[in-house]
Chemist: 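My questions all concern the structure below.
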Number of protein chains: 2
Amino acid sequence: MPPAGRPRTFDRDAALTRAMHVFWEKGFEGTTMADLVKTIGVKAPSVYAAFGNKDAIFKEAVALYNGLVAEGPLKELKASTIYEAVKNSLHKNVEFFTNPATPSSCLVMSAAINCAPENKGHVDDLRQNRAYYKDAFRQRFELAIKDGQLLDGADAKSLAEYFTTFVQGMAIRAKDGSTKSDLMTSCGFALSGLVPLLRDAEK
Amino acid sequence: MPPAGRPRTFDRDAALTRAMHVFWEKGFEGTTMADLVKTIGVKAPSVYAAFGNKDAIFKEAVALYNGLVAEGPLKELKASTIYEAVKNSLHKNVEFFTNPATPSSCLVMSAAINCAPENKGHVDDLRQNRAYYKDAFRQRFELAIKDGQLLDGADAKSLAEYFTTFVQGMAIRAKDGSTKSDLMTSCGFALSGLVPLLRDAEK
DNA sequence: GAATTTATGTAATCTTTGTTATATTATTTT
DNA sequence: AAAATAATATAACAAAGATTACATAAATTC
């Protein structure tokens, strides 16, 4: 039995996906409510009724995006050898950043880098997301150290910092027009930083 | 002999530097004319009389910033060995991104990543600047290849793409709070990607 | 079928932001 | 000293953007 009252004339989930894509492409401040209203295809009051305000739509869009990241690049870190885990995760990021079915680059990287003071909350939220991503790397390296896959000098925190730097750089490069092929080649260079620390010649 | 008319009550160069710092910290759209007017210390019409409009101030600020980059990271690329050139340039970037006397990170990287359509021009301009930076890397690698400092497989374009990726990543990391020490350590990893291509064990 | 509930569209409101008209002040030139 | 030049402050203007009041429409519940 559907809920009482006039039924919504649009698909809320589909609308959120479209909104996410707009934020992904234009950023939080670069996106206007008029943009969102237009992309959803109904008038402003319906959008407000369904989602709240612009801040709330953005938060939901970020949550949706985070789910995609969790199912993609983060999941790849689960591979059994550390080299494969990092390589697969990097490559998945490349696919993510250059997927022609979505805007290029990364919403978390590019939607709120610099904002007016009133939007500092979103800047901080996305920074937090990036910290979470770096921490996933750190945990994976710590596991590898515990498993004896890395040499004694290896430091999980430094490695996580380095690969996070590289991935975040790739996000910008993708925005600047680097191709999937360009980024894949760069991954090879980046992985060179890991090779000297592998205990067995696992690669 | 000073020019006719009432003299300006503020130092135009100092005002531009302050404006650059505001854009550096808050980005183009995150900065309001009220911010600029306040930081310069006179009223709006004086700022407009001295610089034109917001777009023009931003362009001048970017030009000023580019001069700093040319005198810093880009100049370091002139070192005679390729390894020193890249290492010194990376380190100079780190100093640049974490200099406590200026905002963190990089204006070209963070001031206009995502903007509303009416500001697309600035987004494109900064992208162009980043392409210019990458090209400086490429030229330096080509020189190294010509000088026989790199092995035959070395590709200047790929190396430039990789190190540009890394530097751009560092800019974001600096914005996210990574310290000078964090970034310096990452540079060590990044340089690992170059070592296998050095002809003589130059490092 | 009447009452209730919820969504919709039109149109307005309120705030922020970039910009400028006007009158005034400080300096040089004649 | 008068005229010309250019900067300054006050205050207003116009446009854009987020949000909402109001009346209406479509569904369920009683």
Chemist: How about A:F23 and A:F58: are their ring centroids closer than 6.0 Å?
Modeler: yes
Chemist: Between the protein and nucleotides 26-30 of chain D, are there any N/O to N/O pairs under 3.5 Å, and if so, what are the atom names and distances?
Modeler:
none

Chemist: Please determine if A:K157 forms a cation-pi arrangement with A:F137, meaning its NZ or CZ atom is less than 6.0 Å from the six-membered ring centre and no more than 45° off the ring axis.
Modeler: no
Chemist: Do any N or O atoms from the side chain of A:N99 and from the backbone of A:A101 form a donor-acceptor pair under 3.5 angstrom?
Modeler: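 Looks like yes, one N/O pair under 3.5 Å.
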Chemist: Sequence neighbours excluded and cut-off under 3.5 Å, please list the side-chain donor-acceptor pairs for residues 69-79 of chain A, or say none.
Modeler:
| residue | atom | partner | partner atom | Å |
| --- | --- | --- | --- | --- |
| A:E71 | OE1 | A:K75 | NZ | 2.9 |

Chemist: Compute whether any side-chain donor of one residue and acceptor of the other, for B:E161 and A:T185, lie under 3.5 angstrom apart.
Modeler: no
Chemist: Any side-chain hydrogen bond (donor to acceptor under 3.5 Å, both in side chains) pairs touching residues 19-37 of chain B, not counting sequence neighbours?
Modeler: B:K26-B:D35, B:E29-B:N119, B:T32-B:D35
Chemist: Honestly, is B:K54 close enough over B:F28, meaning NZ or CZ under 6.0 Å from the six-membered ring centre and within 45° of the axis?
Modeler: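 Yes, B:K54 lies over the aromatic ring of B:F28.
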Chemist: Passes side-chain contact (heavy atoms from CB on, under 4.5 Å), A:Y132 versus A:N66? Steps please.
Modeler: CA-CA 11 Å; A:Y132 178 83; A:N66 282 334; over 6 Å; no
Chemist: Mind listing the residues from residues 21-41 of chain B sitting with a heavy atom below 4.0 Å of DNA chain C? Number order is fine.
Modeler: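 Those residues whose heavy atoms fall under 4.0 Å from DNA chain C, taken from residues 21-41 of chain B in numerical order, are B:T31, B:T32, B:M33.
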Chemist: Tell me whether the side-chain N/O atoms of B:S46 come closer than 4.0 Å to OP1 or OP2 in D:dT8.
Modeler: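 So the side chain of B:S46 is within the cut-off, an N or O lying under 4.0 Å from OP1 or OP2 of D:dT8.
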Chemist: Compute the ring centroids of A:Y65 and A:F96, then answer whether they are less than 6.0 Å apart.
Modeler: yes
Chemist: The criterion is salt bridge (Lys or Arg N to Asp or Glu O under 4.0 Å); which residues satisfy it with B:K43, sequence neighbours excluded?
Modeler: none
Chemist: Mind calculating the distance between CD (A:E118) and P (D:dT19) to the nearest angstrom?
Modeler: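 My rounded result for the distance is 11 Å.
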Chemist: Near DNA chain C, under 4.0 Å by heavy atom, which residues of residues 47-58 of chain A?
Modeler: none
Chemist: Would you say D:dT8 has OP1 or OP2 under 4.0 Å from some side-chain N or O of B:T9?
Modeler: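 Checking B:T9 against D:dT8: at least one side-chain N or O falls below 4.0 Å of OP1 or OP2.
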